[in-house]
Participant: 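One structure, as structure tokens, below. Some questions next.
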Amino acid sequence: INEGQISDELIQYAGENDLPLFELPEKYPLIDLSQILCQKLVLEENNKNLEEQLFTSILDSEHLNRESVLAQARYLNVDLSGRFCVVEFALKAAQNQNGDSLALGRELRRIISMEFSFYTTSDILMLSQTGSVLALVSAERIKEEDLKMILQRIVEKSQKQKKIAVDIGIGTAVEYLEDVKISRKEAADAIRNAAMTGAFGQIYWYREQGLYTLISKIQDDKFLDEYVEKQIGSLIRADALNKGNLCETLESYLNHNCNVKETAQALYIHRNTMNYRMNKIKEILGEDFENLDNCLMLKLAFIIRRYRNSIMC
């Protein structure tokens with residue numbers, strides 16, 4: 001807009017909508033400014049593509065060429081020294097039905113980039129995926145308390161300004177670039193585990209998810225499946241054969257500290273029905289529910305079953 005022609009209303013509108021506003025002297029040709037901006041946009045888009053390629057190479061490479069990666073990072077003004085964690089910003093499909101996922105992803109990236117720019121002079125690597133955006137965040141240059149504030153602002157700003165609902169998962173910090181893929185898996189696990197447990201909020205730290213954190217560290221899927229089979233396999237088959245709900249009943253019973261009355265209330269069934277089901281469960285499993293160790297092993301089996309089912313979905 002020409003010099004001296006910007007109204008207060010326009011300034012307010014631009015401020016409320018995060019729009020850049022230029023006051024341009026008449027002697028300065030608009031086409032020159034347009035060329036500068038276009039060159040900058042092309043360079044920015046090119047660098048974004050290079051950053052995504054770099055991040056992808058770190059996540060997917062079996063044999064990482066550290067010198068090559070670090071050289072590319074320096075060119076892109078990305079500092080890859082120290083410890084890093086992966087943060088995943090997952091779009092909530094149910095709440096973002098009216099928006100194009102690609103467009104929402106671009107808007108989310110802008111918000112993420114802006115919020116982190118206040119805390120670090122170097123750029124952070126980001127990677128857009130179907131339904132989510134990944135970010136590689138320095139655990140050295142951004143303190144944990146600052147990271148919590150940044151993520152909370154991203155959640156609030158995304159929802160308030162762009163109507164974008166997200167869940168955020170944070171993997172543990174790793175020292176070596178070769179281990180970044182581990183942190184990436186943990187970030188995804190944090191979101192999935194939170195959905196299984198019905199955790200409150202939108203920001204989930206992998207290390208704070210109790211038994212699910214422990215179980216996800218076990219790489220032997222066969223070992224986990226065999227544990228479930230040993231503990232509750234016969235009960236699962238009985239339900240499948242009779243279209244029953246004994247597994248649901250036992251899991252609820254264990255979650256309610258083995259209290260029959262509370263479990264019956266939670267399942268909306270009569271006390272006699274509850275007792276009948278428990279007798280059938282004891283008959284099938286041959287377990288003594290007064291033994292705390294037995295109850296703990298059964299509860300762990302249900303947790304592992306939920307975890308394995310969520311991965312295979």
Participant: Would you indicate whether the side-chain heavy atoms of L50 and Q72 approach each other to under 4.5 Å?
Facilitator: no
Participant: Could you give the distance from CG (D60) to NZ (K181), rounded to the nearest 0.5 Å?
Facilitator: 7.5 Å
Participant: Has N65 got a side-chain atom pairing as donor or acceptor with S68's backbone, closer than 3.5 angstrom?
Facilitator: yes
Participant: Which heavy atom in S183 sits nearest to a heavy atom in C85, and how many Å separate them?
Facilitator: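 Looking at all heavy atoms of both residues, the shortest contact is OG-CA, 3.5 Å.
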Participant: Carefully, step by step, assess L59 and L127 under the rule side-chain contact (heavy atoms from CB on, under 4.5 Å).
Facilitator: CA-CA 10 Å; L59 290 173; L127 177 63; 3.9 Å; yes
Participant: Show me the pairs that pass ring pair (Phe, Tyr, Trp, His ring centres under 6.0 Å) and involve residues 148-181, at least two apart or across chains.
Facilitator: none
Participant: Going by ring pair (Phe, Tyr, Trp, His ring centres under 6.0 Å), name the pairs with one or both residues in residues 226-256, residues two or more places apart or in two chains.
Facilitator: Y253-F289
Participant: Begin with the C-alpha distance, continue with both residues' side-chain angles, and end with the deciding distance and a verdict on side-chain contact (heavy atoms from CB on, under 4.5 Å) for F116 and I112.
Facilitator: CA-CA 6 Å; F116 275 103; I112 295 169; 3.7 Å; yes
Participant: With sequence neighbours excluded, what pairs up with I36 under the side-chain contact (heavy atoms from CB on, under 4.5 Å) test?
Facilitator: Y28
Participant: Rounded at 0.5 Å granularity, tell me how far OG in S101 sits from CG in L91.
Facilitator: 7.5 Å
Participant: If two hydrophobic side chains count as joined below 4.5 Å and joins carry through other members, does L235 share a cluster with V260?
Facilitator: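 Yes; V260 is reachable from L235 via cluster members.
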Participant: One pair to check against side-chain contact (heavy atoms from CB on, under 4.5 Å): I191 and N193. What are the steps and the verdict?
Facilitator: CA-CA 6 Å; I191 296 173; N193 293 345; over 6 Å; no
Participant: How long is the gap from CD1 on I170 to CD on E186, to the nearest 0.5 Å?
Facilitator: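 Result: 11.5 Å between the selected atoms.
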Participant: Taking atom CD of E251 and atom NZ of K299, what is their separation to the nearest 0.5 Å?
Facilitator: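 Output value for this atom pair is 9.0 Å.
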Participant: Taking the side chain as every heavy atom from C-beta outward, state whether N275 and T273 have any pair of such atoms under 4.5 Å apart.
Facilitator: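 No, their side chains stay 4.5 Å or more apart.
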Participant: In chain order, what residues pass the side-chain contact (heavy atoms from CB on, under 4.5 Å) check against Q202, with sequence neighbours excluded?
Facilitator: K92, V155, D167
Participant: Got a second to check how far I284's CD1 is from R237's CZ, nearest 0.5 Å?
Facilitator: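 Nearest 0.5 Å value for the CD1-CZ distance: 10.5 Å.
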Participant: Side-chain polar contacts of residues 261-271 - donor-acceptor pairs under 3.5 angstrom, sequence neighbours left out - could you list them?
Facilitator:
unit_1	atom_1	unit_2	atom_2	d
T263	OG1	N259	O	2.7
H270	ND1	N272	N	2.9

Participant: Do L134 and M126 have side-chain heavy atoms sitting under 4.5 Å apart?
Facilitator: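 Answer no - side chains too far apart.
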Participant: Could you pull out all residues at least two apart from K143 that satisfy salt bridge (charged side-chain N to carboxylate O under 4.0 Å, His left out)?
Facilitator: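 With neighbours one apart ignored, the set is empty.
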Participant: Hey, mind stepping through E52 and K48 against salt bridge (charged side-chain N to carboxylate O under 4.0 Å, His left out) and telling me if it holds?
Facilitator: CA-CA 6 Å; E52 290 200 340; K48 187 187 83 171; 5.3 Å; no
Participant: Are any of the side-chain heavy atoms of Q159 and I164 separated by less than 4.5 Å?
Facilitator: no
Participant: Tell me every residue that passes side-chain contact (heavy atoms from CB on, under 4.5 Å) with P20, counting only those two or more places apart in sequence or in another chain.
Facilitator: F22
Participant: Remaining members of Y204's ILVMFWY cluster at a side-chain heavy-atom cut-off under 4.5 Å?
Facilitator: none
Participant: State, yes or no, whether a side-chain contact exists between F118 and M114 at a heavy-atom distance under 4.5 Å.
Facilitator: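 SC-SC contact between F118 and M114 confirmed.
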Participant: Only counting residues at least two apart or in another chain, list the ones meeting salt bridge (charged side-chain N to carboxylate O under 4.0 Å, His left out) with D146.
Facilitator: none
Participant: Classify the side-chain pair Q53/S57 by whether it contains a donor and acceptor separated by less than 3.5 Å.
Facilitator: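 Their side chains do not contain a donor-acceptor pair, so the 3.5 Å distance test is not met.
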Participant: Sub-3.5 Å donor-acceptor pair from the side chain of N17 to the main-chain atoms of L19, do we have one?
Facilitator: no
Participant: Indicate yes or no for a side-chain donor-acceptor contact from K163 to the backbone of K160 under 3.5 Å, with no hydrogens or angles considered.
Facilitator: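 Answer holds: yes.
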Participant: Could you check whether S216 and Y206, counting side-chain N and O atoms only, form a donor-acceptor pair closer than 3.5 Å?
Facilitator: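 Looking only at side-chain atoms, S216 and Y206 do form a donor-acceptor pair, the distance falling under 3.5 Å.
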Participant: Ignoring hydrogens and angles, state whether a donor on the side chain of R277 or T249 is under 3.5 Å from an acceptor on the partner side chain.
Facilitator: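 Note: R277 and T249 side chains meet the donor-acceptor criterion.
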Participant: Can you see whether E156 engages Q152 through a side-chain donor-acceptor pair at a distance of less than 3.5 angstrom?
Facilitator: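 There is such a pair (donor and acceptor under 3.5 Å, judged by atom type) between the side chains of E156 and Q152.
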Participant: For E16, which residues count as a side chain to side chain donor-acceptor pair (under 3.5 Å) partner, sequence neighbours excluded?
Facilitator: Q12
Participant: Any ring pair (Phe, Tyr, Trp, His ring centres under 6.0 Å) involving residues 34-86? Give me the pairs, sequence neighbours left out, ordered by first then second residue.
Facilitator: none
Participant: Give me the atom names and distance for the closest heavy-atom approach of S81 to R141.
Facilitator: O-NH2, 3.2 Å
Participant: Is a side-chain donor-acceptor pair under 3.5 Å present for R207 with T213?
Facilitator: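 The criterion, which ignores hydrogens and geometry beyond distance, is not satisfied for R207 and T213.
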Participant: Taking side-chain contact (heavy atoms from CB on, under 4.5 Å) as the definition, give me every residue that meets it alongside D239, ordered by chain and number, with sequence neighbours left out.
Facilitator: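 For D239 the side-chain contact (heavy atoms from CB on, under 4.5 Å) partners, ignoring immediate neighbours, are L246, C247.
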Participant: Measuring from atom CD1 of I124 to atom CG of N77, what distance do you get when rounded to the nearest 0.5 angstrom?
Facilitator: 12.0 Å
